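Read through the structure below, which is laid out as structure tokens, and then see the notes.
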Amino acid sequence: MTPPPEPLDGAWRDTSLPDGERVDHLLAAMTLEEKAAQLNGVWVSADASGAPVAPHQHDASREPLAWEKVIENGLGQLTRPFGTAPVDPVAGRASLARSQREVMAANRFGIPAIAHEECLTGLAAWRATIHPVPPAWGAAFDPGLVERMAAGIGGTMRRLGVHQGLAPVLDVARDLRWGRVEETIGEDPYLVATIGAAYVRGLQSAGVIATLKHFAGYAASRAGRNHAPVSVGPREFADVVLPPFEAAVREGAGSVMNSYNDNDGLPAAADRRLLTGLLRDRWGFEGTLVSDYFAVTFLDTVHRVAGDPGHAGALALKAGVDVELPDPHCYGDRLVALVRAGELDEALVDRSARRVLLHKCSLGMLDPGWSPDPDDSPVDLDPAEQRALARALAERSIVLLDNPRGVLPLAAPRTLALVGPLADTPDAMFGCYTFPAHVGRNHPGTPLGVDVPTVHEALRGELPETRIVHAQGCSVDGPGTEGFDSALAAAREADVCVVVLGDRSDLFGRGTSGEGCDAEDLRLPGVQQELWEALVATGTPVVAVLVTGRPYALGAVADASAAVVQAFMPGEEGASAIAGVLSGRIGPGGRLPLSVPRSPGGQPATYLGAPLARRSEVSSVDPTPRHPFGHGLTYTSFSWEDPRVGGRPFDGAPVSVPTDGEVTVGCTVRNTGHLPGTEVVQVYLHDPVARVALPVRRLVGYARIDLEPGEARAVDFTVHADQSSYTGPDGVRAVDPGRLELSLAASSEDLRHTFAVDLTGPARTVDHTRRLTCAVRLDPVDGEAAAHGGPGR
């Protein structure tokens with residue numbers, strides 16, 4: 001049992017000692033109750049007057065938590081002090097600081113709590129910058145920009161006294177019906193890994209702990225339902241689900257959050273092989289593992305693998321969950337009681353408490369003189385530099401799907417009909433984890449807190465000489481068609497019609513996209529498809545703008561439209577980005593991070609399919625997407641010249657590379673049009689013969705290239721043999737000798753140059769230390785070379 005407490009002032013205060021030694025001295029001086037308290041979070045809400053926080057009563061069936069009781073032995077984490085209710089940033093900062101002083105005063109050691117917040121699309125707090133949702137990050141194919149965005153988000157959080165962010169989401173989208181597709185970066189593990197790792201770098205560069213979500217398998221649920229079982233085989237789990245987490249752990253991510261799902265019947269929160277055997281023992285992760293909210297309780301109430309809350313807590317702790325969030329329902333006193341009864345080893349409490357205290361030590365929270373008091377600097381959660389980053393990411397993420405008649409960019413039409421349920425509402429720009437959607441709607445009458453123009457407002461500014469006639473037409477998901485007549489009348493009288501369609505993001509069935517807002521099929525919600533079809537039937541050229549959290553099956557109406565533009569909930573500056581693309585002020589440069597299906601029932605399917613996943617003569621269902629992963633059009637044209645291998649012109653002959661070697665392939669991309677534009681060169685690997693059925697091709701590299709008219713850049717990708725590795729029938733990841741093909745492509749189906757590569761030598765077993773990414777080099781064709789060390793960086 002716990003030894004008698006040692007003197008409170010001791011070696012753990014000595015900042016000259018390594019963090020591990022300091023924490024070991026501190027643990028030796030703590031009682032069991034004090035150590036267990038470090039594993040608790042408590043959900044609080046900052047006080048609008050600046051008074052200390054109060055526990056958030058989110059569950060009316062439970063007794064309210066008594067603040068004094070919760071903090072009497074210390075506290076591990078404060079849950080969402082800014083993201084629970086609208087609070088002025090200055091008052092919230094003061095409230096959090098006063099609460100930290102109370103936490104410190106209540107425990108013998110003066111240890112404060114780590115405050116965490118949601119930050120997927122910016123800090124989820126009132127008046128904070130609202131950035132685009134993760135599919136927009138993926139569409140931008142720009143890790144450097146995502147890294148800068150995350151660094152800005154982290155800086156805002158630290159100024160408020162927040163230490164940990166619950167982002168990024170590294171789930172690879174597997175079924176577009178899942179409501180949380182809007183939180184995923186895309187359907188390809190390489191894209192998710194490189195963009196997600198960039199977010200981790202950025203957030204942690206500001207001194208904020210990044211939390212990887214959701215470990216693991218969450219997005220691969222049956223039928224795309226939230227919290228549903230997952231039945232993914234071990235090979236798919238290893239080769240699709242895990243790589244983004246491997247990359248982010250290697251990047252030094254400080255925290256991981258377990259997922260809600262069970263994998264083949266074993267809940268992730270109770271899976272010791274996953275949370276300890278793989279994550280820690282094999283990958284070497286040393287940070288904290290926090291539960292998703294109520295995930296430990298769900299072991300008892302939902303999964304039914306524990307008979308009561310205490311034993312649910314013991315299961316999670318044994319598996320490797322260090323901190324129970326959002327409140328101490330299964331940890332806390334229940335874990336202490338199990339240890340006292342001899343049913344739980346106190347060493348498990350010590351193990352997790354040590355990890356929590358190491359985080360606090362690394363943040364300086366155990367240092368003598370640490371203070372939670374903020375400085376007197378003003379608090380601006382939406383500064384100009386953050387809005388500029390939000391604008392840049394929105395602009396770079398817009399995808400032009402179709403433009404067969406060249407209607408876009410708009411040539412200053414005399415009259416423009418602007419219709420659709422999302423044409424004149426800021427709600428179109430918000431993902432589920434933005435403050436207005438996640439919290440603000442529960443507080444009607446509260447202003448948005450940031451300036452969020454609508455598409456209508458943005459187009460008026462973009463096309464000042466154009467008469468714009470607005471009609472809503474229909475709601476996002478209602479059945480009513482009574483607004484059709486005014487919308488059709490506006491279209492008939494206009495030179496061009498822009499219809500803005502898509503989603504309303506919310507929680508648990510209150511929206512058409514977002515957590516718990518899963519779809520039965522991939523038709524546009526409500527009667528939006530019917531409105532679109534009726535508009536096209538007027539004969540006026542129709543430009544459809546889709547502002548959604550997931551791609552939808554567009555059908556024949558898209559083929560009959562003048563143009564189709566895809567925007568993934570692009571944040572506070574999204575309307576300006578959309579209007580800029582429509583006018584031509586901005587050249588569309590986004591590429592699809594998610595395939596656009598052709599039919600509403602063509603799911604589940606992503607481009608990562610083996611041959612049997614593709615169209616065949618033995619099935620009446622054609623899963624071929626309308627637009628493939630990586631697709632996107634521009635307003636200019638490009639040539640892909642001078643294909644080369646190893647810096648030399650490609651002569652068509654296979655190149656020989658050892659199974660532990662690498663090969664460099666490249667070409668020169670030239671803007672042959674009259675407008676500036678962006679090309680995204682993608683590298684795909686195809687393994688013609690393998691020991692298992694592999695995807696026909698998969699992404700292994702990419703580079704986003706912005707070019708002025710006539711400008712050219714040489715792009716070269718160095719692909720290591722490790723990137724050809726896959727998990728074989730024996731469950732071991734290996735590099736096999738044999739023929740491979742590497743293709744430079746404009747999408748997963750638009751291959752421009754293909755190079756044959758023969759891997760020679762013995763098969764090689766590889767692990768999590770393998771080369772994960774492709775090095776990219778971009779050079780001006782006539783100028784000084786510039787080396788780039790990562791995917792598009």
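None of these values were measured; they are calculated from a predicted model.
- For the residue pair Y607 and R698, no side-chain donor N or O sits within less than 3.5 Å of a side-chain acceptor on the partner.
- For residues 712-749, there are no ring pair (Phe, Tyr, Trp, His ring centres under 6.0 Å) pairs, not counting sequence neighbours.
- Residues satisfying the side-chain hydrogen bond (donor to acceptor under 3.5 Å, both in side chains) criterion with E679, sequence neighbours excluded, are R591, W640.
- Residue E641 qualifies as enclosed at atom CD: its count of foreign heavy atoms under 6.0 Å is above 12.
- Listed by first and then second residue, the ring pair (Phe, Tyr, Trp, His ring centres under 6.0 Å) pairs that reach into residues 235-254 are F215-F245, sequence neighbours excluded.
- Between R733 and D239, at least one side-chain nitrogen of the basic residue sits less than 4.0 Å from a carboxylate oxygen of the acidic one, meeting the salt-bridge criterion.
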Could you walk me through whether W137 and F568 satisfy the ring pair (Phe, Tyr, Trp, His ring centres under 6.0 Å) test, starting with their C-alpha distance in whole Å, then the side-chain angles of each, then the deciding distance to 0.1 Å, before giving a yes or no? CA-CA 9 Å; W137 312 354; F568 295 103; over 10 Å; no
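- A donor-acceptor contact under 3.5 angstrom links the side chains of E182 and S505, judged on distance only.
- Using modelled atom types and a 3.5 Å distance limit, the side chains of D503 and Y552 yield a donor-acceptor pair.
- Checked for salt-bridge contact, E187 and R174 miss the test: no charged N lies under 4.0 Å from a carboxylate O.
- Between R697 and E741, no side-chain nitrogen of the basic residue sits less than 4.0 Å from a carboxylate oxygen of the acidic one, so the salt-bridge criterion is not met.
- Under 4.0 Å is where a charged nitrogen must lie from a carboxylate oxygen, and between R644 and D642 no such pair does.
- The pair R626-D559 meets the salt-bridge criterion, with a side-chain N (NZ, NE, NH1 or NH2) lying under 4.0 Å from an Asp/Glu carboxylate O.
- A salt bridge is absent between R225 and E515: the closest approach of a Lys/Arg side-chain nitrogen to an acidic carboxylate oxygen does not fall below 4.0 angstrom.
- The residues D622 and R598 are annotated as not salt-bridged, no charged nitrogen and carboxylate oxygen being separated by less than 4.0 angstrom.
- With L289 as reference, N258 is the one residue of T276, N258, L212 to meet the side-chain contact (heavy atoms from CB on, under 4.5 Å) rule.
- Counted by atom type alone, S747 and E749 present zero donor-acceptor pairs between their side chains at under 3.5 Å.
- Both tests hold for K213 against Y433: distance to the six-membered ring centre under 6.0 Å, angle to the ring axis within 45°.
- At least one donor-acceptor pair under 3.5 Å links the side chain of N263 to the backbone N or O of A216.
- Here the side chain of R550 pairs a donor or acceptor atom with the backbone of L176 at under 3.5 angstrom.
- Side-chain polar atoms of Y190 and T773 form no donor-acceptor pair below 3.5 angstrom.
- In this structure, D142 pairs ionically with R396, as a charged nitrogen and a carboxylate oxygen lie closer than 4.0 Å.
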